[in-house]
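Okay, so here's the structure we're looking at.
As the structure is a computational prediction, the values presented were derived from the model and not from experiment.
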Amino acid sequence: MSDTNDTTGNGQVIEDDPIAVRRAKREALIAAGRDPYGHAFAYSHHLADLAAQYEGLEDGASTSDEVKVAGRIMAKRDQGKLAFLELRDSSGDMQLFCRINALGEDAFAELKDLDVGDWIGVEGTMMRTKRGQLSVSVDSFELLSKSLRPLPEKFHGLADKETRYRQRYVDFVMNPEVKNTFEKRFKIVAAIRRYMEDHGYYEVETPILHPILGGANARPFVTHHNALDKDFYLRIATELHLKRLIVGGFEKVFEIGRQFRNEGMDPYHNPEFTTMEFYQAFSDLEGMMELTQGVVQAAAMAACGTTQVEYQGQQVDLGGTWRRATMIELASEGAGEDVSFARTRDELVAILERNGGHAEDAWGKGKLIAEIFEAVAEEKLIQPTFVTEHPLEVSPLAKKKAGEPELTERFELFICGHEYANAFGELNDPIDQAERFRKQVEAKDLGDDEAMGYDDDYVRALEYGMPPAGGCGIGIDRLAMLLTDAPSIRDVLLFPHMRDETPAGGHPRVAAQAATAAAAPTASAETPAPIDFSKVVVEPLFEDEVDFDTFSKSDFRAVKVKECVAVPKSKKLLQFTLDDGTGADRVILSGIHAYYEPEELAGRTLIAIINLPPRKMMGIESCGMLLSAIHEEPGEDGEPEERLNLLMVDDRIPAGAKLY
């Protein structure tokens, strides 16, 4: 705290647009021959170093120790011939003690004209005020960068999640603990690199653009290579290229890099994410478990200084020896009955449905066992657990387990109910691999847009011979979440993708208008494209189904979406946390994930019926129903396809407003 009543701003009431006022100051500086954006400044200390060095300085003491510091003004207030500024650099904050008799009248007037947010360089001496505040007594200063946009008000800060993610640079300024989160992430990645290099691994770089989809089952992003006049996929995994290096004679390789999967967003999934994949010739799952445990423990020590961590209220012990159990053991344990390939398919379907799951007709026993495990066991795995022996049906790239061909040499690492690593005893039989690729192609032909393609070159590489090898992938983002106690993956992504920004009033920002115009130069950026209603099919009215008195008892309200996430283990359901004007959150589940991603709906104002009896779905009580407009149109194959649009209304309508 400073020696005055700290506040943001300069203490003056500015009735004009504050941005316009700051722009005018910028113009005045330029007109006076001053550069408002400065030059290099050779500071002598970081503020945290000064705080440590002068920790023992007595109250009221002054020194002749000259220092040069630089940073952003976070608060300022003048008191006649004195002014107090709060300066922040990358290491911390410190007060600047400014006197007119030290600076001179002209310089003091210029200092008073500075704004919160401006960057300055300062020369002065160290002192501690009579009230005990360590300060730099300012002898001179220079403006290094003029801030044209005011920072959020200090005591309310930047709290809105969407704004914080979108304007991460402001988030760092106003919420220093967020910066600490990313400093930990940087340490995690650095520790992983050191650990891998210390264990003899080479870090390599493989292509991001892939001509064939492979390495995982996922929906890809597609781009076009102009020079080759060919479509490419943004990689969904680094696996197949890394294993080509094993074929070529490299024994230990790893890559830390971005993967891209054109799928949904929720607290644990983002379409653009970071993994580390590593492969070792002559190794197996045992070697991969040891290395995976070592990597996670090294990351924990670097970020937290301990292997005892807390994640969202749960105590997790990353030390010691981690549990190992097969998927069938855990599924049987969680279901309270035998879950195995010895059961009939109908028996496995019944077990799954008794535990809240739903079986697809195309699923075999292996897929059903994996689904039962997800339904009854996965979320209970709080302490680190290696789940082994996955069914072949859900492990197309893993080597079959010797003597049990329906199972594979594979493990997944679970902590706090979520997967953190996935490892295989790598398949090195080219004939087996080719057959599995063919089955993936068949699945793609039947409409599975997540199935892999047939990678002829990879099969050719295996035909030259790949030694037995172990391979593993670790999710860096999830590991960062665990070690920073972050509830959402977006909290550990520097710049998460957001929906288009629409300010109050509903008009898109200028940049968005320009992008729209560039994409469709013949259409107005503000005029939506015309809709062809000629093929729309609408259900007939049901005039006699409900009488007016019954219908009028439905309580239709405007609700604000506070949060929207995908329901775990459900491909259809979205879970909405809503403000319905009562002051208590309302949860409604809606099966509309095929039409909307959660990110699109956060902050929207929707219409809901709120006086329906609760319904439990996937173990969650849904209290009400969101209203949608539904119709049909012919799809690509000519067959009718349902189209759905949530009813969204103007954000000016308050939460809880009743519809009549």
Next on the checklist: Using every non-hydrogen atom in the two residues, find where Ala370 and Val394 come nearest and quote the distance to one decimal.
Outcome noted: CB-CG1, 4.1 Å
Next on the checklist: In the structure I gave you, are the side-chain heavy atoms of Tyr458 and Ile212 within less than 4.5 Å of one another anywhere?
Outcome noted: no
Next on the checklist: Taking Tyr420's backbone N and O only, do any of them form a donor-acceptor pair with Arg478's side chain (distance below 3.5 Å, no angle check)?
Outcome noted: no
Checklist entry - Hey, does the side chain of Asn355 reach the backbone of Ile351 with a donor-acceptor pair shorter than 3.5 angstrom? => result yes
Checklist entry - Could you state the interatomic distance from CD (Glu239) to CD (Glu277), rounded to the nearest 0.5 Å? => result 6.0 Å
Checklist entry - So, Asp477 and Arg185, do they make that salt bridge, N to O below 4.0 Å? => result yes
Item to check | Minimum heavy-atom distance between Ala480 and Ile188, given as atom pair plus value | outcome: CA-CD1, 3.8 Å
Checklist entry - Would you find a donor on one side and an acceptor on the other, under 3.5 Å apart, between the side chain of Arg168 and the backbone of Leu493? => result yes
Item to check | Cation-pi check, Lys230 onto Phe232 ring (under 6.0 Å, within 45° of axis) | outcome: yes
Next on the checklist: Please determine whether side-chain contact (heavy atoms from CB on, under 4.5 Å) holds for the pair Leu352 and Leu348, giving the CA-CA distance in whole Å, both sets of side-chain angles, and the decisive distance to 0.1 Å.
Outcome noted: CA-CA 6 Å; Leu352 177 60; Leu348 293 173; over 6 Å; no
Next on the checklist: Please evaluate residues Leu578 and Leu626 with respect to the criterion side-chain contact (heavy atoms from CB on, under 4.5 Å), reporting the C-alpha separation (whole Å), side-chain torsions for both, the decisive distance (0.1 Å), and the verdict.
Outcome noted: CA-CA 11 Å; Leu578 303 165; Leu626 295 171; 4.1 Å; yes
Item to check | Closest contact, heavy atoms only, Cys623 versus Ile588 | outcome: O-CG1, 3.4 Å
Checklist entry - What's the spacing between Ile607 CD1 and Leu627 CG if we round to 0.5 Å? => result 7.0 Å
Checklist entry - Are side-chain N/O atoms of Glu642 and Tyr595 paired as donor and acceptor at under 3.5 Å? => result yes
Next on the checklist: Please report the interatomic distance CG(Asp555) to NZ(Lys658), rounded to the nearest 0.5 Å.
Outcome noted: 3.5 Å
Checklist entry - Can any side-chain N or O of Tyr454 pair as donor or acceptor with the backbone N or O of Arg436 at less than 3.5 Å? => result no
Item to check | Closest non-hydrogen atom pair between Leu574 and Ala566, with its separation | outcome: CD2-CA, 3.9 Å
Checklist entry - Is Arg615 atom CZ crowded by more than 12 heavy atoms from other residues, nucleotides or ligands, each under 6.0 Å away? => result no
Item to check | Donor-acceptor contact below 3.5 Å, side chain Lys365 vs main chain Glu393 | outcome: no
Checklist entry - Any salt bridge between Arg557 and Asp580, counting N to O under 4.0 Å? => result no
Checklist entry - If you round to the nearest 0.5 Å, how far is OH of Tyr596 from OG of Ser590? => result 9.5 Å
Next on the checklist: Please determine whether side-chain contact (heavy atoms from CB on, under 4.5 Å) holds for the pair Glu263 and His269, giving the CA-CA distance in whole Å, both sets of side-chain angles, and the decisive distance to 0.1 Å.
Outcome noted: CA-CA 9 Å; Glu263 298 171 346; His269 295 86; over 6 Å; no
Checklist entry - Can you say whether the rings of Tyr268 and His418 are parallel (under 30°), tilted (30 to 60°) or perpendicular (over 60°)? => result parallel
Item to check | Under 3.5 Å: donor-acceptor pair, side chain of Ser628, backbone of Ile630 | outcome: no
Next on the checklist: Would the distance check show the side chain of Thr582 and the main-chain N or O of Ala584 forming a donor-acceptor pair, the cut-off being under 3.5 Å?
Outcome noted: yes
Next on the checklist: Rounded to the nearest 0.5 Å, what separates atom CZ in Arg235 from atom CZ in Phe260?
Outcome noted: 7.0 Å
Next on the checklist: Nearest 0.5 Å, please: how far is CD in Glu442 from CZ in Phe437?
Outcome noted: 14.0 Å
Item to check | Residue pair Glu641 / Arg643: nearest heavy atoms and the distance that separates them | outcome: OE1-NH2, 3.4 Å
Next on the checklist: So Phe576 and Ser622, do their side chains get closer than 4.5 Å, heavy atoms only?
Outcome noted: no
Item to check | side-chain contact (heavy atoms from CB on, under 4.5 Å) assessment of Phe182 paired with Leu494 | outcome: CA-CA 8 Å; Phe182 285 96; Leu494 280 169; 3.5 Å; yes
Item to check | Exercise: identify the closest heavy-atom pair between Pro267 and Met481 | outcome: O-CE, 3.5 Å
Checklist entry - Is the number of heavy atoms from other residues, nucleotides or ligands within 6.0 Å of CD (Glu205) greater than 12? => result no
Checklist entry - Less than 4.0 Å between a side-chain N and a carboxylate O, is that true for Lys367 and Glu371? => result yes
Item to check | Modelled atom types, side-chain donor and acceptor of Thr238 and Glu255, under 3.5 Å | outcome: no
Item to check | N/O donor-acceptor pair under 3.5 Å between Asn175 side chain and Glu177 backbone | outcome: no
